[in-house]
Amino acid sequence: MHEYRTHRCGDLRKENAGEKVRLSGWIHRKRDHGNLLFIDLRDHYGITQCVIDVSSPIFQSVENARLETVIRVTGEIVKRSDDTINASLSTGDIELNISEFDVLGEAGNLPLQVNSDDDYGEETRLRYRFLDLRRDRIHKNIVLRSRVISDIRRRMTDQGFIEFQTPILTSTSPEGARDFLVPSRLHPGEFYALPQAPQQFKQLIMIAGFDRYFQIAPCFRDEDARADRSPGEFYQLDMEMSFVSQDDVFDALEPVLHGIFSEFGNKKVVTSPPFPRIPYDEALLKYGTDKPDLRNPIEIEDVTEIWRGTEFKIFASAIDKGSVVRAIPAPGAGSKPRSFFDKLNDWARAEGAGGLGYIVFEKGEGKGPIARFLDDERINKLKVQADLKDGDAVFFTCAAELTASQFAGKARTRIGVDLELITDDRFDFCWVVDYPMYEADHHTGELQFSHNPFSMPQGGLEALEKLDPLEIKAYQYDIVCNGIELSSGAIRNHRPEIMYKAFQIAGYTTEEVETRFGGMLNALKYGAPPHGGSAPGIDRIVMLLANEENIREITMFPMTQQAQDLMMGAPAPADRSHLDELHLDVIKKPETGDN
RNA sequence: GGGGGUGUAGCUCAGCUGGUUAGAGCGCUGGCCUGUCACGCCAGAGGUCGCGGGUUCGAGUCCCGUCACUCCCGCCA
């Protein structure tokens, strides 16, 4: 007989009755009747009920073992009588009659209970993560994560993508987030940076002629955490392909995402390829965001012209000064009580908007505080444009274009939630395409890249030379699922002369570009294929599939919000000798205050 | 860096407008119990009310500061 087990705790069925077996696992639960004792023995695979009574000489030692002690039991499998079968357990037809018993690993008083569904404080959970991970829900989430990643690998490999590793110790990134730095022992005063993404490497892989690359890539960005963002590190399905247009990238990724979400998505409906492609400008207008939740049926309309020149001076005079009016239809809201509209109005004010004017439609007419400012013709235009019928309402927001768009987007979500229009039985995917190449900095007004500086501008060099930079679109796209941005990607700029020009517009001199992106630029000068790719976030995919709101629920060993590992004690001070080796000194922060 | 929430037994929580000895469930210890599956019943141990200061005759409760966990803003091409 095997030293530890002949079966696993989820294996045994009534067919095994009469066999002498051995199981090892954790004591999940005990039911002690004094002269009769039941133990639910748990391992990764399941739970098996084990039983012993007082006639056994080892009864006392079994009874003394605490919950979460690791034990080994040996004994005969017995079919349970009909009235004692437990239908909620896969092994519920049988039980193990304990004849031999050993403690393999003793357990002390537990800081959290493994067999309970209670929520525990994060500090306890993270400090005792090994116990937390024994608990059913998170144990399953971590397994799901693994299966999803395996499945992604299979689907990518089947399409001819090759997985490569790229360096972890590399150079600091040109744009974007704060870097993690690693001091160099051999080069005093110099530092490696951890990769924010393997962006330049994957382009170099294409230039090296490997044609199709992917990687479950660790990415490091030293930015503050959020519920859906771990501090410091995350994983992407990083991929890149050569000789492709934007549609080729979409065609490659859509079946992977559709496949993964269909297989692991709890039978929710998944958008079939091809996913809708929504231009950035249209997304901002219709959904008020570049990450639209398409489960929400509400579509925003621009109704500036309907309100221009009306007696409703708040809107009319703002329009004359360049403001726009956006209409947010609220299907079926006509039957809601006055308080529904008041609550939304209060919310709008709390969000910093002036308010949220509305019109309710009944018996073919518009009703409500501001309806009287629109004549029949305008009311009819509104009904047609916003697709309104009796029993519907429509809300208005009036502001400068970007503000109005973004606020209408928030209102769209809020109204969709309040009216329960967003059902949780679907994964609605879309691509947001045609991102602007440049944007004006909020504060300085200076032009900067709005996304990846290595993206190819639509129209190429000619567009850069002739168009207003703010009008230029890039072959830059995001993939969005249920309002969550899963990734961004682009067709890359593989032409040095276009690269110099693109950077020049963003205020970089030729020298600066060469200093900062020399490696990349140099590579482009020796025969670079057109290429592009994307990088869907693994963590967010798993969050969606596991239906979890917090990234710690799908991360095996997460850090706290303050970026500390409470279990391993990281970060920690370094020894003097360690610092000396790295040519480092720690400067103590001067005491603040008066003493 | 800023704003909000939480912090009471090993764990999850209750504790009213400040008032006598700070409670419950789970876990733990002891006793009873041979068919439970969240077993049941009885008893017990277990508390620096996060920490420091203040107000008060009196503080878990009010005030100030601070720490931890968390959510959000900034940040995250």
Side-chain angles (χ1 to χ4, degrees), chain A residues 28-42 47-56 59 63-64 66-68 78 80-89 91-92 95 97 107-128 131-132 135 173-179 196-197 199-200 219-234 351-352 435-439 441-443 448-455 474 476 478 485 487-490 506 535 537 549-552 558-564 566 593:
Chain A
H28 186 66
R29 195 167 264 132
K30 277 175 17 183
R31 289 175 295 283
D32 188 351
H33 294 233
N35 293 316
L36 178 71
L37 171 65
F38 296 101
I39 284 182
D40 287 342
L41 191 68
R42 183 195 75 238
I47 287 179
T48 301
Q49 173 165 286
C50 304
V51 63
I52 189 167
D53 75 19
V54 73
S55 64
S56 165
F59 181 80
E63 194 177 35
N64 285 343
R66 285 180 170 175
L67 294 184
E68 292 309 309
V78 178
R80 297 202 207 177
S81 66
D82 287 349
D83 57 328
T84 58
I85 285 172
N86 184 347
S88 59
L89 217 55
T91 59
E95 62 196 3
N97 248 333
N109 208 353
L110 297 171
L112 60 80
Q113 277 159 250
V114 173
N115 64 20
S116 155
D117 291 331
D118 280 355
D119 277 332
Y120 289 86
E122 287 299 329
E123 199 173 342
T124 308
R125 293 185 59 190
L126 295 182
R127 202 176 293 280
Y128 299 94
L131 284 179
D132 192 32
R135 301 170 79 212
S173 289
E175 294 277 329
R178 203 176 287 122
D179 283 315
Q196 296 189 18
Q199 178 64 36
Q200 296 189 66
C219 303
F220 305 91
R221 297 178 190 174
D222 189 2
E223 299 294 351
D224 290 341
R226 287 289 183 277
D228 64 351
R229 201 167 82 200
S230 291
E233 51 187 84
F234 61 98
E351 288 284 318
Y435 271 80
M437 185 80 186
Y438 301 99
E439 64 189 9
D441 184 278
H442 308 302
H443 309 294
Q448 55 188 30
F449 290 107
S450 69
H451 264 70
N452 191 321
F454 299 132
S455 298
Q476 169 85 40
D478 279 6
E485 181 191 320
S487 77
S488 55
E549 299 287 322
N550 195 292
I551 199 163
R552 287 186 301 274
M559 293 196 284
T560 67
Q561 190 181 44
Q562 294 303 309
Q564 289 177 295
L566 298 179

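Here is the naming used below: chain letters follow the sequence lines, and residue numbers restart at 1 for every chain. Atom set for the values below is all heavy atoms of this structure, side chains included, hydrogens, waters and symmetry mates excluded.
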S.K.: NA contact type, A:Ser81, heavy-atom cut-off 4.0 Å: base, sugar-phosphate, or nothing?
M.R.: nothing

S.K.: Can you see if the side chain of A:Arg31 gets near the phosphate of B:rU36 - specifically, an N or O under 4.0 Å from OP1 or OP2?
M.R.: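 No, because none of the side-chain N or O atoms of A:Arg31 sits under 4.0 Å from OP1 or OP2 of B:rU36.
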
S.K.: Considering every strand and a 4.0 Å limit on heavy-atom distances, what is the contact class for A:Arg226: base, sugar-phosphate, or nothing?
M.R.: base

S.K.: Answer yes or no: are there more than 12 heavy-atom neighbours, outside A:Tyr128 itself, under 6.0 Å from its atom OH?
M.R.: no

S.K.: Both A:Asn35 and A:Arg29 contact RNA chain B. Which one's nearest nucleotide lies toward the 5' end?
M.R.: A:Asn35

S.K.: Using the P atom on both, measure B:rA22 against B:rG60 and round to a whole Å.
M.R.: 10 Å

S.K.: With both distances kept under 3.5 Å, what pairs with B:rG65, Watson-Crick or G-U wobble?
M.R.: B:rC51

S.K.: State whether A:Gln564 places a side-chain N or O below 4.0 Å from either non-bridging phosphate oxygen (OP1 or OP2) of B:rA68.
M.R.: no

S.K.: Does a side-chain N or O from A:Gln562 land closer than 4.0 Å to OP1 or OP2 of B:rC69, or not?
M.R.: no

S.K.: Quick one: is A:Arg66 getting a side-chain N or O under 4.0 Å of the B:rU29 phosphate, OP1 or OP2?
M.R.: yes

S.K.: Which part of the nucleic acid, if any, lies within reach of A:Gln199 when heavy atoms closer than 4.0 Å are counted: base, sugar-phosphate only, or nothing?
M.R.: base

S.K.: Tell me what A:Glu95 touches on the nucleic acid: a base, only sugar-phosphate, or nothing, going by heavy atoms under 4.0 Å.
M.R.: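 Since a base atom lies under 4.0 Å of A:Glu95, the category is base.
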
S.K.: Please tell me which of the listed nucleotides, B:rU36, B:rU70, B:rU34, lies nearest to the side chain of A:Thr560?
M.R.: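 Within the option list, the nearest is B:rU70.
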
S.K.: With a non-hydrogen cut-off below 4.0 angstrom, is A:Leu110 in contact with a base, only sugar-phosphate, or nothing?
M.R.: sugar-phosphate

S.K.: I want to check one thing: is the phosphate of B:rU36, taken as OP1 and OP2, less than 4.0 Å away from some side-chain N or O of A:Thr84?
M.R.: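 So the side chain of A:Thr84 is outside the cut-off, no N or O lying under 4.0 Å from OP1 or OP2 of B:rU36.
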
S.K.: Can you find a side chain N or O atom of A:Asn64 that sits less than 4.0 Å from OP1 or OP2 on B:rU29?
M.R.: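 For B:rU29, neither OP1 nor OP2 has a side-chain N or O of A:Asn64 closer than 4.0 Å.
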
S.K.: Do the side-chain N or O atoms of A:Arg221 get closer than 4.0 angstrom to the phosphate oxygens (OP1, OP2) of B:rA77?
M.R.: yes

S.K.: With a 4.0 Å cutoff (strictly under), does any side-chain N or O of A:Arg552 reach OP1 or OP2 of B:rC71?
M.R.: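 Yes, such a contact exists.
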
S.K.: By the 4.0 Å heavy-atom rule, please label A:Asn109 as base, sugar-phosphate, or nothing.
M.R.: sugar-phosphate

S.K.: When you compare B:rC64 with B:rU56, how far apart are their C1' atoms, in angstrom units rounded to a whole number?
M.R.: 16 Å

S.K.: Under the 3.5 Å rule, do the base of B:rG74 and the side chain of A:Asp224 count as making a donor-acceptor pair?
M.R.: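 It does, because a donor-acceptor pair links the side chain of A:Asp224 to the base of B:rG74 below 3.5 Å.
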
